[in-house]
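Encoded as structure tokens, the structure appears first; notes follow it.
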Amino acid sequence: MEQRRIGNVQVGAIGLGGMPMSIEGRPDTDRSIATIHAALDAGVTLIDTADAYHVDADEVGHNETLIAQALASWGGDASGVLVATKGGHQRPGDGSWTVNGDPAYLKRAADASLKRLGVDAIGLYQFHRPDPKVPYADSVGAIAELLDAGKIRMAGISNANPDQIRQAQEILGGRLASVQNQYSPAFRSSEPELRLCDELGIAFLPYSPLGGISRAGELGDRFAPFAEVARAHGVSPQQVALAWMLAKSPHVVPIPGASRPESIRDSAQAAELTLTDAHLASLG
Ligand SMILES: NC(=O)c1ccc[n+]([C@@H]2O[C@H](COP(=O)([O-])OP(=O)(O)OC[C@H]3O[C@@H](n4cnc5c(N)ncnc54)[C@H](OP(=O)(O)O)[C@@H]3O)[C@@H](O)[C@H]2O)c1
């Protein structure tokens with residue numbers, strides 16, 4: 001698979017998003033493990049997760065545990081796989097998502113993620129979402145401390161605007177490795193953050209790149225130009241959407257979610273799909 005860079009680490013240009021395997025509607029463990037193994041077999045070396053990818057309040061880190069289990073049971077060499085997790089969101093168990101950007105909480109959350117992943121240091125730790133109750137600098141300051149303490153190898157932020165990206169880059173002393181924002185054919189308002197990351201040389205990880213779990217299957221029905229280009233290449237509209245965002249910048253690394261092996265196998269092929277300038281122009 002084509003390689004891209006997050007900080008000083010090379011990863012396959014298409015990553016795997018772990019959320020559909022751990023939140024509402026998730027499959028059984030065997031299918032999830034098969035999905036993660038299919039991703040690794042296809043050359044995926046970035047897996048995105050979060051401690052908040054779970055359903056009940058007493059199963060925090062469900063997805064991290066699943067990923068650790070899948071990496072341990074995979075037949076190949078998983079040493080080059082970058083697991084990117086996040087802290088700052090919580091799920092009390094009633095279906096809601098709350099935020100907690102308290103520095104002491106973030107440091108405890110990172111310690112717990114580190115244990116669940118079974119590593120000496122977390123490959124990439126991302127502050128999940130700004131907490132309006134806590135100054136952004138304080139939350140990102142906790143991430144900087146984790147970096148300085150060697151508990152995380154790289155630092156990232158998520159759901160950030162351009163000002164927050166610049167602020168985080170300053171607080172982290174130029175060590176901001178990644179920004180993870182929503183970006184898809186349906187949701188293009190993260191274009192300024194994508195452009196800023198391109199300019200600063202920071203990896204941009206589009207999340208929900210196919211429009212989100214419930215709408216990913218309808219991408220071709222909702223966006224005719226993607227369906228047309230897909231027909232011309234004999235591939236899925238989902239592959240075209242991923243190839244389209246890869247073409248936006250060499251710093252883009254999409255993380256399509258999957259709960260079935262065939263979904264991530266199809267998505268992974270987008271790394272090899274080159275679209276013509278005319279096709280790209282038709283997609284916007
Ligand atoms: N930072 C944040 O705040 C945040 C928020 C949301 C998501 N995320 C991250 O971003 C990742 C991706 O976002 P997402 O999972 O919300 O949405 P998504 O990637 O837009 O859509 C996921 C769904 O797409 C389907 N799919 C994947 N590849 C496909 C293909 N080639 N053809 C047809 N369908 C395909 C999968 O179906 P099957 O389930 O049937 O395989 C999956 O459920 C998440 O898993 C999570 O890691 C981060």
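Side-chain atoms are counted along with the backbone in the values below, which use heavy atoms only and exclude waters and symmetry mates.
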Is it the case that the side chain of [X] and the backbone of [Y] share a donor-acceptor pair, with hydrogens and angles ignored and the cut-off at 3.5 Å?
X	Y	result
Gln164	Asn161	yes
Arg129	Asn159	no
Arg188	Pro185	yes
Gln90	Gly88	no
Arg5	Gly7	yes
Asp56	Asp58	no
Lys86	Asp51	no

Check whether any side-chain heavy atom of [X] sits under 4.5 Å from a side-chain heavy atom of [Y], and report yes or no.
X	Y	answer
Asn63	Met19	no
Arg4	Leu246	yes
Met21	Ile36	yes
Pro162	Glu193	yes
Lys248	Arg195	yes
Ser259	Arg26	no
Pro237	Val229	no
Val99	His89	yes

Report the C-alpha distance between Ile157 and Tyr136 in whole Å, list the side-chain angles of each, state the deciding distance to 0.1 Å, and finish with yes or no for side chain to side chain contact (heavy atoms under 4.5 Å, CB included).
CA-CA 11 Å; Ile157 54 174; Tyr136 196 61; 3.5 Å; yes
Spacing of [atom1] belonging to [X] relative to [atom2] belonging to [Y], to within rounding of 0.5 Å:
X	Y	atom1	atom2	answer
Tyr53	Leu66	OH	CG	13.5 Å
Glu228	His233	CD	NE2	12.0 Å
Phe226	Ser184	CZ	OG	8.5 Å
Leu117	Thr65	CG	OG1	8.0 Å
Ile67	Ile33	CD1	CD1	9.5 Å
Gln180	Ser190	CD	OG	10.5 Å

Under the rule for side chain to side chain contact (heavy atoms under 4.5 Å, CB included), what residues qualify as partners of [X], not counting sequence neighbours?
X	value
Ser263	Ala258, Arg260
Ser178	Ile6, Leu124, Gln126, Ala203, Leu205
Ala216	Leu210

Arg175/Asp148 under side chain to side chain contact (heavy atoms under 4.5 Å, CB included): CA gap, chis, key distance, verdict:
CA-CA 11 Å; Arg175 296 174 294 172; Asp148 292 338; 3.0 Å; yes
For a side chain to side chain contact (heavy atoms under 4.5 Å, CB included) check, start with the C-alpha distance between Met1 and Thr45, then their side-chain angles and the critical distance, and finish with the verdict.
CA-CA 10 Å; Met1 189 185 288; Thr45 53; over 6 Å; no
So, for [X] and [Y], which heavy atoms are closest and what is the spacing to 0.1 Å?
X	Y	value
Ser96	Arg91	O-NE, 3.3 Å
Leu176	Ala168	CD2-CB, 4.3 Å
Ile264	Gly15	CD1-O, 3.8 Å
Leu147	Ala155	CD2-CB, 4.0 Å
Val60	Ala57	CG2-O, 3.5 Å
Cys197	His251	O-CD2, 4.3 Å

Output the rest of the hydrophobic cluster of Val134: all Ile, Leu, Val, Met, Phe, Trp and Tyr residues reachable through side-chain heavy-atom contacts under 4.5 Å, sorted by chain and number.
none
Are [Y] and [X] connected in a single hydrophobic cluster, I mean Ile/Leu/Val/Met/Phe/Trp/Tyr linked by side-chain heavy atoms less than 4.5 Å apart?
X	Y	value
Leu46	Leu194	no
Phe127	Leu82	no
Ile47	Ile23	no
Leu146	Met154	no
Ile255	Ile122	no

For [X], does the [atom1] atom have more than 12 heavy-atom neighbours from other residues, nucleotides or ligands under 6.0 Å away?
X	atom1	result
Glu2	CD	yes
Asp120	CG	no
Lys151	NZ	no
Asp277	CG	no

Applying side chain to side chain donor-acceptor pair (under 3.5 Å), run through Gln238 and Asp266 and close with a yes or a no.
CA-CA 8 Å; Gln238 288 81 4; Asp266 185 70; over 6 Å; no
Pairs where residues 163-218 contributes a residue and the test ring-ring contact (aromatic ring centres under 6.0 Å, His included) is met, not counting sequence neighbours:
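Pairs touching residues 163-218 that pass the test: Tyr183-Trp244.
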Return the set of residues passing salt bridge (charged side-chain N to carboxylate O under 4.0 Å, His left out) with Glu218 (not counting sequence neighbours), or none when no residue passes.
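Glu218: salt bridge (charged side-chain N to carboxylate O under 4.0 Å, His left out) contacts with Arg215.
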Checking side-chain polar atoms at under 3.5 Å, does Glu64 have a donor or acceptor matched by the opposite partner on Ser113?
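Yes.
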Set out, in order, the CA-CA distance, both residues' side-chain angles and the distance that settles side chain to side chain contact (heavy atoms under 4.5 Å, CB included) for Val179 and Leu196, then state yes or no.
CA-CA 10 Å; Val179 173; Leu196 181 60; over 6 Å; no
